[in-house]
Structures are given as C-alpha cells and as structure tokens.
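Please read all numbers here as calculations on a predicted model, not as lab measurements. Numbering starts at 1 and runs along the sequence shown. Hydrogens, waters and symmetry mates play no part in the numbers below; they use all other heavy atoms, side chains included.
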Amino acid sequence: MATNEREGLIRDVPLLARLPEEDVRALASHGRVRTYMAGAVIFQEGDPGDSLYIVVQGSVRIVLVSAKGEEATVAVLGPGECVGDLALLDGKPRSASAIAAEETRALVVMREAFTSWLSQRPAAAFALLETLSLRVRRTDEALTDFAFLDLAHRLAKRLLDVANTQRDVRETGGLQPGTRIRTTQAELGSMLGVSRESVNKQLNMFAREGWIRLGRGSVTVVDPEALRRFA
C-alpha cells in the first residue's frame, strides 16, 4: 500500500488529527497496514513490545488470563485508538494480550521508527499523553462502577461504551437506534467479570423492556436513550 493510501486511512485518527499533514505523512511512511480476522491474536502477554498498532477499522480486546486460564477483558479499543503503546514506550514485555474482536485493520509502526518520529514532534507527544490519560480515566471509572454499581447498570454502561467504540471515527452525533454491537455474551461477561449466564439474564431483561434486540454474536440497541437513562 502506498504512503498516500496509508495516510488517508489514519487522517481521521484523533491522536493524529491535529498534527500537520507532513507529520502524518512521515508516520504513514514508516508503517504498514495489516488486517486481522475476528478472533486473531495480535500479540500475547509477555511478547516483546516492539511495535505500535493504530486501529483504523474494527476493534481490539485487551485481555488478561489468570493462572487457571480464566480470561478477563480489561478494555475494548476501537478506531483511532492505540494498542501496545505502554510496552512501546517503556520497552518492557507486553502486559496483556490483544485480540481482534471483529475484522480489524491497523497501521503497525515499529518501536524504533515511532520513537524517532515522536521525539521530533512535541505536539504528537502531547497528543499521546492525552490518549494515555484518557485510558487511565476509563480504568478509574470502571473500578468505581465495579465497586458501586450492580450488574444491570454496569452492563448497560458497557453496552453503550462498546457501541461507541465500534463506531467509525468519522461518525458524528449521538448513538442512533438500530446500532448493532458485534460482541458475544461470553465477551461481555469477560469484560464485566461475571458469567455468560448472568449477562444473558440481564440482556433478556433489557430485551423485554424493548431497549435492545438480541442476535447471534450481536446486540442491537433499539432505544439508546432508555439504556442511557438506566445506566
């Protein structure tokens, strides 16, 4: 793929949107676009942190696995977000695994090229700090929700979060009725730290209220405003 095509793919990425065109072009020239099918492992916990992934299309689950093999999804990152940035910056092994939640395209930039590009562009460094700060805030919010909200309210918030994560970065306005979320009940359980059966029970309650519609491997938000009020 030519540099101008790669540049076009990442032009709307929030991390890069405020940067001069020549800075975006320089980064695009160092990267390559890769496509991952749903369920593909992008990298595993413990792997060398030698590359950065900027999600262009699709979404990526950040996963931790316990000694017993139990899986927990700690974040879902969508278009415009960076994957693997912590290991890239501190040079340590990956702290979690990254799995494509759906068919996903990402611009992949090797560590040496990215750090060289970043060191010459203070504005890009500040944009990256903002991205990391936002992620810390999300983690704090998730911990607060876990401590103070019951499963039904946490699930409603998570459905809205995942729906917004999966939106194209160019979309504007609020979440629209009929928005389809590509996720399984097992994945939602992994995100919330509960069983698939517990998630199923709550989803069926939302469906009876007319807020959502359940499908195979998906949840369609029928009434986003009602879901938002409940959350």
Give me the atom names and distance for the closest heavy-atom approach of Val76 to Glu81. O-OE2, 4.2 Å
Shortest non-hydrogen contact from Val56 toward Pro79: O-CB, 3.8 Å
Using atom types as modelled and distance alone, determine if a side-chain donor or acceptor of Thr144 lies under 3.5 Å from a backbone N or O of Ala142. no
Nearest heavy atoms of Cys82 and Ile54, plus distance in Å: SG-CG1, 4.3 Å
Polar side-chain atom of Ser116 near backbone of Ala113 as donor-acceptor pair, under 3.5 Å: no
What I want to check is whether the side chains of Ser97 and Gln44 have a donor and an acceptor closer together than 3.5 Å. no
Quick check: closest heavy atoms across Val83 and Ala98, and the distance to 0.1 Å? CG1-CB, 4.0 Å
Taking all heavy atoms of Ala87 and all of Arg94, pick out the closest pair and write down the distance. CB-NH1, 3.8 Å
Can you list every salt bridge (charged side-chain N to carboxylate O under 4.0 Å, His left out) pair that touches residues 188-217, not counting sequence neighbours? none
The complete set of side-chain hydrogen bond (donor to acceptor under 3.5 Å, both in side chains) pairs with one or both residues in residues 222-231, sequence neighbours excluded, reads Glu225-Arg228
Is a side-chain donor or acceptor of Ser198 paired with a backbone partner of Val194 at a separation under 3.5 angstrom? no
Can a donor-acceptor pair be found between the side chains of Ser218 and Arg182 at a distance below 3.5 Å? no
Closest approach of Ile212 to Leu214 (non-hydrogen atoms, all atoms of both residues): CD1-CD2, 3.8 Å
Please identify each residue that fulfils side-chain contact (heavy atoms from CB on, under 4.5 Å) with Ser119, with sequence neighbours left out. none
Is it the case that the side chain of Ser66 and the backbone of Glu70 share a donor-acceptor pair, with hydrogens and angles ignored and the cut-off at 3.5 Å? yes
Keeping the roles fixed (side chain from Arg137, backbone from Ser133), state whether a donor-acceptor pair exists under 3.5 Å. no
Would you check if the side chain of Thr179 reaches a backbone N or O of Leu175 as a donor-acceptor pair within less than 3.5 Å? no
For the pair Asn164 (side chain) and Asp161 (backbone), establish whether a donor and an acceptor sit closer than 3.5 Å, ignoring hydrogens and angles. no
Please determine whether ring-ring contact (aromatic ring centres under 6.0 Å, His included) holds for the pair Phe230 and His153, giving the CA-CA distance in whole Å, both sets of side-chain angles, and the decisive distance to 0.1 Å. CA-CA 7 Å; Phe230 180 78; His153 289 83; 4.1 Å; yes
